[in-house]
2 protein chains.
Amino acid sequence: MTRPDDSLDRVIHEPARLRLMTLLFVVDEADFTYLSNQTGLTAGNLSTHMAKLENAGYVAVDKSFAGRRPRTVYRLTDNGRNALVAYRAAMDDMLGRIDPSN
Amino acid sequence: MTRPDDSLDRVIHEPARLRLMTLLFVVDEADFTYLSNQTGLTAGNLSTHMAKLENAGYVAVDKSFAGRRPRTVYRLTDNGRNALVAYRAAMDDMLGRIDPSN
DNA sequence: CAAATAGCTTTGTGGCACAAAGCATATCGC
DNA sequence: GCGATATGCTTTGTGCCACAAAGCTATTTG
């Protein structure tokens, strides 16, 4: 018995959140509605997933008002960017040997 | 609301099983004890994970005897190999834009 | 022959993803 | 000005599942 595998950050690993993280990585910032549309997540699920990413310190939230309507804008923190890059590295490492021609 | 994300096969996506699948991909066949040693999974967890991979049709099991002791040998099915290759493709697609220098 | 080891399978449980319900404000129809 | 519908979320409820622990069968060892 060596050690259980924890090279893949579970917070990022969840498909919905992985999607959200990669989205935020490229667009830099996005509001709640945009993220919901892009991912197809219901408001409820999106809300809880974002809360989890917040708690992990991977995203920062800015709640303001656009006119009289609330507007919630998310962006990755430096920590979040680093964690995602590390996740990609771990995944590449894991899948590196998976070759279609094999 | 577009569609929820199901491009990543959940059976494979689970880290423990991803590890097992990639292992089997390269070694071609492996017995229970070897897999337990390599992954650090307890016998219980390994057993249930392998059962899940079996049910998905991704691994084939051969139970035989080495001398008088039982020996359980696993290998990927063609289906399993294809699914893993597809998983890698989906993951590459998802992470393609995650560039450390960005 | 009792105790330990090997090789698993089954059971129990906490955590979490997801859906549904709830809540607050805002605009629209009449 | 007042229901009805929409917008923008948060909270609640529940079923599933990964993981650990316990259990089970057979075999080897002192």
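Small disclaimer: the values here were computed from a predicted structure and weren't measured. Throughout, protein chains are lettered first and strands after them, A, B, ... in sequence-line order, and every chain is numbered starting at 1.
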After noting the C-alpha distance and the side-chain angles of H49(B) and L20(B), does the key distance pass the side chain to side chain contact (heavy atoms under 4.5 Å, CB included) rule? CA-CA 9 Å; H49(B) 282 308; L20(B) 290 166; 4.1 Å; yes
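Rounded to whole angstrom, the span from the CD atom of E14(A) across to the P atom of dA17(C) amounts to 5 Å. As a whole-Å value, the separation of R71(B) CZ from dT25(D) P is 24 Å. At whole-Å resolution of the value, CE in M50(A) and P in dC18(C) are 15 Å apart. Taking atom CG of residue L41(B) and atom C1' of nucleotide dA18(D), one finds them 10 Å apart after rounding to whole Å. Rounded to a whole Å, the CG atom of L18(B) is 13 Å from the P atom of dA18(D). Atom P of nucleotide dT10(D) and atom CG of L35(A) are separated by 13 Å, given to the nearest angstrom. Atom CG in N45(A) sits roughly 15 Å away from atom C1' in dG8(D) (whole-Å rounding). The interatomic distance linking Y34(B) (OH) with dC8(C) (P) rounds to 16 Å, in whole Å.
Side chain of R17(B) to backbone of V11(B): a donor-acceptor contact under 3.5 angstrom is found.
The shortest distance between the side-chain N/O atoms of H49(B) and the OP1/OP2 oxygens of dC17(D) is not below 4.0 Å. For R17(B), a side-chain nitrogen or oxygen approaches OP1 or OP2 of dA18(D) to under 4.0 Å. Phosphate proximity of dC9(D) to S47(A): absent, as no side-chain N or O sits under 4.0 Å from OP1 or OP2. For dT9(C), the OP1/OP2 oxygens have a side-chain nitrogen or oxygen of K63(B) closer than 4.0 Å. OP1 or OP2 of dC19(D) has at least one side-chain nitrogen or oxygen of R10(A) nearer than 4.0 Å.
The ring-ring contact (aromatic ring centres under 6.0 Å, His included) analysis of residues 73-96 of chain A, with sequence neighbours excluded, yields the pairs H13(A)-Y87(A).
Distance from the side chain of T72(B) is smallest to dC8(C) among dT10(D), dC8(C), dC19(D). Out of dC8(C), dA18(D), dC9(D), the shortest distance to the side chain of K52(B) is found at dA18(D). Comparing dG7(C), dT10(D), dC19(D) by their closest approach to the side chain of P70(B) singles out dG7(C). Considering only side-chain atoms of T48(A), the nucleotide from dT11(D), dC8(C), dC9(D) that sits closest is dT11(D). Distance from the side chain of A43(A) is smallest for dC9(D) among the nucleotides dC8(C), dC18(C), dC9(D).
In this structure, L53(A) is not a member of the same hydrophobic cluster as V73(A), with clusters built from ILVMFWY side-chain heavy atoms closer than 4.5 Å.
Taking 4.0 Å as the cut-off between side-chain N and carboxylate O, E14(B) and R19(B) do not count as a salt-bridged pair.
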